Amino acid sequence: MSTLVVVGAQWGDEGKGKVTDVLAASVDVVVRYQGGPNAGHTLVVKGEKYKLHQVPAGILHGKECVIGNGVVLDPKTFLEELEGLRKRGVPVDRIHLSHAAHVIFPYHQRLDELEEERRGSQRLGTTGRGIGPAYSDKVARMGIRVADLLRPETLKAKLSRNLEQLNHLLEHVYGVEGYRLEDLLELYTGYGEALRPFVTDTAQFLNKAIAQGARVLFEGAQGTMLDLDHGTYPYVTSSYPTAGGACLGSGVGPTRIDAAMGVAKAYTSRVGDGPFPTELKDEIGDYIREKGGEYGTTTGRPRRIGWLDTVVLRHSKLVSGLTSLALNHLDTLTGLHPVKIAVGYRIRGEVWESLPLHMEDLFEAEPIYEELEGWAEMPSALSSFEDLPPQAQRYVKRVEELSGLPVSMVSVGPGREATLVRFDPFAAAPATR
Ligand code: IMP
């Protein structure tokens, strides 16, 4: 078994970067397959704190890192990230950037803001990084790809065509100033030159590596419930975080994927607007937010907090074909009693164990909770499952039963010693679980 997709099993921020960090030592290649600078990982390696938005966390372990065709790249922030890594002595020559990834322009960010303003109370709460507008251009077949930045004449032709339409929209619909072709052309031709050494056909690179037996980890950004098709549409991002997105966004076919691991926290969080059935708007929510440091890496926004929702986990298992689950932040629930897990919803008197057909019904879904005994203390390092307090062990086992997923990894803190790998998530789950 040599390929694993790591997928957020909730609304993002489940700690995928940390899981990748733990697994990175045993892999050869780490791949980002969707999203852009809307994602963010904070990693602590050898006491140094790193904030990464577009570069896969594997770079800190000297692994080959691929930014696939499914990503939307902001060259400015990407190059700044590279500079930051270089300054701290992290070699960046193992980064491979797909020629077919789409490029974010300043007008995408501007449109992101303007569209959010226009939505008013129906806003999505986007990260404001231009993600939706950049993917819209891609789907409308007017996107500009990384390869285009390497050819000024192609870039000029595409950009001038786009600006004609875009400036009309900005000036006549939104009543704001448009963009000048010369300014963007100069800036992005410069970016193209800086990116050139990294640009390659990453589908070729990856398929060759897999054929040669490399262990490859596909690291999803965001999470299942933010997936454009399988999430709480329209309160979603504009890409495909679910496991199928790894194939589309990297050019590696589904027959080459061995396993998919969902990553969840022992509770739920969400940034941005949209339905969240188990949301806690009380002091328990505040307790978890403070204890878990639940503030956005990209925007600094306080995250919305709720109890663990196994309807969401079952949905994630279903749409990504998950083979195991990593359960993070178990320590954050320490001191709470009882702890609750949602097993279903009641919507206008009807019981649902899966998501309703009408997304808007989720706004009025009342979670059906099961209560479990809490635990008062948690060790800071784990060497076996039995190190967990018995109540926490029962909690994990109950999550396994309700989600239908064996828990391959459990973590009780940010450091690597706080993560227990119960079985290799690249492999199929042991039959005994
Ligand atoms: P966008 O991706 O900026 O368009 O934002 C769409 C939705 O996805 C908003 O609710 C964002 O808060 C959410 N979102 C985007 N990226 C992340 C992430 O990395 N973690 C959690 N939520 C995210």
Side-chain angles (χ1 to χ4, degrees), residues 6-20 32-43 51-57 70-74 77 81 102 104-105 107-119 121-139 219-242 245 249 262-265 267-276 279 289 292-306 312 316 328-329 359 362-363:
V6 173
V7 178
Q10 297 164 320
W11 274 279
D13 307 313
E14 301 92 348
K16 296 175 291 292
K18 184 200 135 98
V19 165
T20 307
R32 262 292 294 277
Y33 57 84
Q34 43 74 229
N38 48 350
H41 301 317
T42 306
L43 291 167
K51 284 197 177 200
L52 298 177
H53 294 284
Q54 291 175 106
V55 176
V71 163
V72 283
L73 186 93
D74 183 333
T77 59
E81 228 166 276
H102 280 249
I104 300 178
F105 283 79
Y107 51 76
H108 291 132
Q109 269 158 309
R110 188 77 179 105
L111 279 176
D112 201 350
E113 287 163 13
L114 292 166
E115 286 170 7
E116 279 286 82
E117 267 169 43
R118 185 177 48 86
R119 286 184 196 111
S121 64
Q122 315 264 297
R123 73 183 184 281
L124 307 178
T126 72
T127 61
R129 300 293 150 113
I131 306 296
Y135 278 117
S136 299
D137 276 5
K138 171 177 172 172
V139 176
E219 180 190 279
Q222 292 88 40
T224 306
M225 302 305 280
L226 291 173
D227 186 278
L228 188 55
D229 276 44
H230 297 292
T232 44
Y233 189 88
Y235 297 95
V236 292
T237 191
S238 298
S239 67
Y240 301 102
T242 45
V263 183
K265 287 190 282 213
Y267 49 92
T268 312
S269 75
R270 170 168 204 167
V271 272
D273 296 74
F276 183 178
E279 184 167 15
R289 182 178 306 105
E294 294 292 355
Y295 292 87
T297 316
T298 301
T299 58
R301 289 181 287 182
R303 295 180 183 141
R304 298 159 66 194
I305 303 293
V312 165
S316 291
N328 284 332
H329 273 271
M359 191 283 302
L362 273 185
F363 281 109

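Ligands are counted one by one from 1 in listed order, and the atoms in each one are counted from 1 as well. Only a predicted model underlies this, so the values are computations on that prediction, with no experimental measurement involved.
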Query raised in the report: Looking at ligand 1, does Gly125 have a heavy atom less than 4.0 Å from it?
Result: yes
Report summary line: Closest to atom 2 (O) of ligand 1 among protein heavy atoms sits Thr237 OG1, 2.6 Å
Query raised in the report: Of all the non-hydrogen atoms in the protein, which one sits nearest to atom 5 (O) of ligand 1, and at what distance?
Result: Thr126 CA, 3.4 Å
Report task. Please verify whether a non-hydrogen atom of Gln222 lies at under 4.0 Å from ligand 1. Result -> yes
Query raised in the report: Hey, which atoms in ligand 1 end up nearer than 4.0 Å to a heavy atom of Gly272?
Result: 10 (O), 12 (O)
Query raised in the report: Is the closest side-chain donor-acceptor distance between His108 and Asp137 under 3.5 Å?
Result: yes
Query raised in the report: Hey, are the side chains of Met359 and Pro234 touching, using non-hydrogen atoms and a 4.5 Å cut-off?
Result: yes
Query raised in the report: Given Val236, Thr127, Leu124, which one has a non-hydrogen atom that is nearest to atom 6 (C) of ligand 1?
Result: Val236
**Report entry** Pairwise side-chain contact, Trp11 with Val312, heavy-atom cut-off 4.5 Å (strictly under)
**Finding:** yes
Query raised in the report: For Lys18, which residues count as a salt bridge (Lys or Arg N to Asp or Glu O under 4.0 Å) partner, sequence neighbours excluded?
Result: none
Report summary line: Among non-hydrogen protein atoms, atom 20 (N) of ligand 1 lies closest to Asp13 OD1, 3.1 Å
Query raised in the report: Is there a side-chain contact between Gln222 and Gln34 (heavy atoms, below 4.5 Å)?
Result: yes
Query raised in the report: What protein heavy atom is closest to atom 12 (O) of ligand 1, reported as residue, atom name and distance in Å?
Result: Arg301 NH2, 3.0 Å
Requested in this report: May I ask you to identify, for Trp11, whether its side chain, its backbone, both or neither come under 4.0 Å of ligand 1 on a heavy-atom basis?
Outcome: backbone
Requested in this report: Fit a plane to each ring of His329 and Tyr267, take the angle between them on a 0 to 90° scale, and name the class: parallel (under 30°), tilted (30 to 60°) or perpendicular (over 60°).
Outcome: perpendicular
Query raised in the report: So which heavy atom in the protein is nearest atom 22 (N) of ligand 1, and how far is it from that ligand atom?
Result: Val271 CG2, 3.2 Å
Query raised in the report: Can you tell which of Leu226, Asn38, Leu228 gets a heavy atom nearest to atom 23 (C) of ligand 1?
Result: Leu226
Name each donor-acceptor pair under 3.5 Å that joins a side chain in residues 123-130 to protein atoms two or more places apart or in another chain, with its distance.
from, atom 1, to, atom 2, distance (Å)
Arg123, NH2, Asp273, OD2, 3.4
Thr126, OG1, Asp112, OD1, 3.0
Thr126, OG1, Gly128, N, 3.2
Arg129, NH2, Thr298, O, 3.1

Report task. Run the salt-bridge test on Arg110 and Glu113 with the 4.0 Å N-O cut-off and return the result as yes or no. Result -> yes
